[in-house]
Undergrad: 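Mind looking over this structure? Questions follow.
Each chain gets a letter, A, B and so on, in the order the sequences are listed, and its residues count up from 1.
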Amino acid sequence: NAGVTQTPKFQVLKTGQSMTLQCAQDMNHNSMYWYRQDPGMGLRLIYYSASEGTTDKGEVPNGYNVSRLNKREFSLRLESAAPSQTSVYFCASSGDRGQSGELFFGEGSRLTVL
Amino acid sequence: AQSVTQLGSHVSVSEGALVLLRCNYSSSVPPYLFWYVQYPNQGLQLLLKYTSAATLVKGINGFEAEFKKSETSFHLTKPSAHMSDAAEYFCAVSALRSGTYKYIFGTGTRLKVLA
């Protein structure tokens with residue numbers, strides 16, 4: 001009964017380093033999303049994937065890349081981390097292409113870029 | 001374009017008092033509306049959702065929300081606050097963009113419950 005699993009939960013990077021956040025869901029959902037959460041700004045969509053093999057930009061895609069490896073997995077990569085990318089990142093999934101369906105969230109990955 | 005506005009980034013109520021968290025939306029088409037709750041160091045979980053079946057929606061933990069089209073509002077209420085309700089609450093609208101529904105979140109309201 002795992003739902004949406006994100007790794008790692010915590011990470012500290014130096015400016016310019018790269019890393020990948022991993023996300024997997026076991027609910028057979030089509031749609032997957034990456035959000036970032038910053039104080040006072042709510043959740044902002046970075047990238048989403050409506051189905052396996054497709055990805056699209058959200059509100060704040062700059063500095064990020066994604067891969068929808070298969071139906072279960074959707075990874076977020078920071079190629080050259082910047083302090084502005086210090087944030088809490090959430091992966092989410094939805095079962096019916098996002099149409100009125102509930103979003104299921106992971107527990108978050110807290111990233112600090114020094 | 002769709003948008004969501006949550007009035008009040010912080011709300012404090014006494015234990016046992018009414019909880020009212022405000023959410024207004026704008027949408028050119030009938031929206032799907034949601035309230036999510038986030039407890040410290042956790043992800044968001046669904047409290048309730050409106051999908052046009054009924055204007056008064058009941059959710060978990062005694063919360064409910066009423067969809068008022070004329071006021072473009074979807075306020076969250078609970079008759080009697082409990083200490084365990086202290087959390088951050090997010091209103092969201094499901095919006096159609098480029099052929100795919102995506103979610104737009106409000107900036108959140110942090111609820112504090114006073115003993």
Undergrad: Between A:Arg44, A:Lys9, A:Glu107, who has the most heavy-atom pairs with chain B when the cutoff is under 4.5 Å?
TA: A:Glu107
Undergrad: Going from OG1 on B:Thr107 to CG on A:Asp38, what distance comes out if it is rounded to the nearest 0.5 angstrom?
TA: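 It is 12.5 Å, given to the nearest 0.5 Å.
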Undergrad: Tell me, for B:Gln38 versus chain A, whether the close heavy atoms (under 4.5 Å) come from the side chain, the backbone, both or neither.
TA: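 Contact with chain A: side chain only.
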Undergrad: What about A:Leu13 and A:Val66, same hydrophobic cluster or not, with Ile/Leu/Val/Met/Phe/Trp/Tyr joined at side-chain heavy-atom distances under 4.5 Å?
TA: yes
Undergrad: Identify whether B:Tyr89 and B:Val113 are in the same connected component of the hydrophobic contact network (ILVMFWY, side-chain heavy atoms under 4.5 Å).
TA: yes
Undergrad: Let me see the working for A:Glu102 and B:Gln45 under side-chain contact (heavy atoms from CB on, under 4.5 Å), right down to the final yes or no.
TA: CA-CA 9 Å; A:Glu102 174 183 354; B:Gln45 57 182 282; over 6 Å; no
Undergrad: Given that the side chain runs from C-beta out, which part of A:Leu45 has a heavy atom under 4.5 Å from chain B: side chain, backbone, both or neither?
TA: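 Side chain only.
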Undergrad: For A:Gln6, is it the side chain, the backbone, both or neither that has a heavy atom under 4.5 Å from a heavy atom of chain B?
TA: neither
Undergrad: Is B:Phe67 reachable from B:Leu56 through a run of hydrophobic residues whose side-chain heavy atoms are each under 4.5 Å from the next?
TA: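 Different hydrophobic clusters.
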Undergrad: Using non-hydrogen atoms and a 4.5 Å limit, figure out which bit of A:Arg110 sits close to chain B: side chain, backbone, both or neither.
TA: side chain
Undergrad: Do you know the tightest heavy-atom contact between A:Leu103 and B:Phe105?
TA: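 The answer is CD1-CZ, 3.9 Å.
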Undergrad: Out of curiosity, does A:Tyr48 fall in the hydrophobic cluster containing A:Leu76 (side-chain heavy atoms, cut-off under 4.5 Å, transitive links)?
TA: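 No; A:Tyr48 is not reachable from A:Leu76 via cluster members.
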Undergrad: Apply ring pair (Phe, Tyr, Trp, His ring centres under 6.0 Å) to A:Tyr35 and B:Tyr103, showing your working.
TA: CA-CA 10 Å; A:Tyr35 288 90; B:Tyr103 300 81; 7.7 Å; no
Undergrad: Using heavy-atom distances under 4.5 Å, tell me whether A:Phe104 contacts chain B through its side chain, its backbone, both, or neither.
TA: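 For A:Phe104, no heavy atom lies under 4.5 Å from chain B.
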Undergrad: Heavy-atom pairs under 4.5 Å with chain A - which of B:Leu44, B:Val93, B:Leu46 has more of them than the others?
TA: B:Leu44
Undergrad: B:Tyr36 and A:Tyr89: same hydrophobic cluster, using ILVMFWY side-chain contacts below 4.5 Å?
TA: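 No; A:Tyr89 is not reachable from B:Tyr36 via cluster members.
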